[in-house]
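A quick write-up on the structure given underneath.
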There are 2 protein chains.
Amino acid sequence: MQTNNTTEQQIIEAARKIFMHKGLAGARMQDIADEAGINKAMLHYYYRSKEKLFDIVFDEAVDKLLARVNTMLAEDLPIARKIEGVVSFYITNISDNPYLPMFVLNEVQQNPDRIIQRFTHTHLFPNIQLFMKEMAAAMERGEFRKVNPLQLLISILAMCVFPFVAKPLVQHLFKVNDVQFGMMMEERKRFVADFVLHALKP
Amino acid sequence: MQTNNTTEQQIIEAARKIFMHKGLAGARMQDIADEAGINKAMLHYYYRSKEKLFDIVFDEAVDKLLARVNTMLAEDLPIARKIEGVVSFYITNISDNPYLPMFVLNEVQQNPDRIIQRFTHTHLFPNIQLFMKEMAAAMERGEFRKVNPLQLLISILAMCVFPFVAKPLVQHLFKVNDVQFGMMMEERKRFVADFVLHALKP
DNA sequence: GTCTATAGGGTGATAGAC
DNA sequence: GTCTATCACCCTATAGAC
């Protein structure tokens, strides 16, 4: 049982790496087996099918992407601090898994039904609505300039996520290696927070 | 020759639709043949292989995505007007082809080398650099608040492109149908331009 | 130019020895 | 639990009749 647990974990890690880079359609069971250093038959022994293995990796990815940001969204902070917190948490989170957003967005497009179930299961949506209401309230108080809260939310998300989705393009066009890209994203935490707060100044 | 031309075009249009939605790995030659209403063998008769057919569709997509924005980047306008123009052109352009950015970004990640050749062929990069220089100059004049021009450029791009990349998610989470999404993107042109210009106020 | 039939190779999944 | 061998199917690509 002790090796069992390890092998299972090795398979999941290998599957995560392969699926993340190649997607469901592009990934091969042989690739995953090679990456895990085991036989192809073992994959089916532990996880019945490619589809099941993918579901596990995908669900895990969505949870990882949202869990920490979700808690930050619910915290009791002044709205400006909360924006800074969400931006910082989100960029940190994705920096640890740079291929995660592209992976999720791509597979959502391929199979929208899957995500409907998954995203509904997490308690994300209430917290997003809370966040939007707090921003709307700050506008009413005159603390923020009045803008469409949904457009604002999408913009904040966009500025955090997009650089990673476009990572290969950014790296090529502006000749930045992985280390430099990491530094750019670290700098970006302050940039995005400042950018948003300036844009919302009355 | 007259039917020849038509069939060729039908194939390209079918290939574009299928490749856009399913990607290179996910698309099947049978899908494209069905979509074009012809036989599978015809695809190979007109375009030797799946790869060649894909290359044509992909190159065409990149050109479409960049051509109009590229000219706008080079125009002689005050920087604030140019930002408004770029944002408006870009959102209009993508609205006509909502799956285009996801398609390009996804395939760039799968095969970075392909894009290196393609993006270099267009004259995009000089115009991007011009745009960044003009923004930097506006900062020097005190017309704009001083920020990192590269971070700024990525942010503008992000706010234009990301909504389309995340379209299925946005539509589900906020219960917007295709018509409403179209209206949101129309509204977004002004939102993004205002947001950026406010964020850059000294 | 357009079709049917099929080659040739790969892929997910399973059977069965150890 | 782990491996080899193999099945059954699917996919790209081509040959060849019309």
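Keep in mind that this is a model prediction, so the values were computed, not measured.
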Round to the nearest Å and state the distance from [X] atom [atom1] to [N] atom [atom2].
X     : N      : atom1 : atom2 : answer
A/L43 : C/dT14 : CG    : P     : 12 Å
A/F54 : C/dA13 : CZ    : C1'   : 19 Å
A/Q30 : C/dG12 : CD    : P     : 9 Å
B/R28 : D/dC10 : CZ    : C1'   : 8 Å
B/L24 : D/dT12 : CG    : C1'   : 12 Å
A/L53 : C/dT11 : CG    : P     : 16 Å
A/D34 : D/dC3  : CG    : P     : 12 Å
B/D31 : D/dT12 : CG    : C1'   : 13 Å

Sequence neighbours excluded, every pair satisfying ring-ring contact (aromatic ring centres under 6.0 Å, His included) that has a member inside residues 5-29 of chain A: A/F19-A/F54, A/H21-A/Y99
B/R145 atom CZ: more than 12 heavy-atom contacts under 6.0 Å: yes
Sugar-phosphate or base contact per nucleotide [nucleotides 13-18 of chain D; S, B, -; heavy atom under 4.0 Å]: BB----
Sugar-phosphate, base or nothing in reach of B/A27, heavy atoms under 4.0 Å: sugar-phosphate
Side chains of A/E107 and A/N111, donor plus acceptor under 3.5 Å: no
B/H172 vs A/V108 side-chain heavy atoms within contact, under 4.5 Å: no
Student check: side-chain heavy atoms of B/K167 and B/D178 closer than 4.5 Å: yes
B/E84/B/K189 ion pair, N-O < 4.0 Å: no
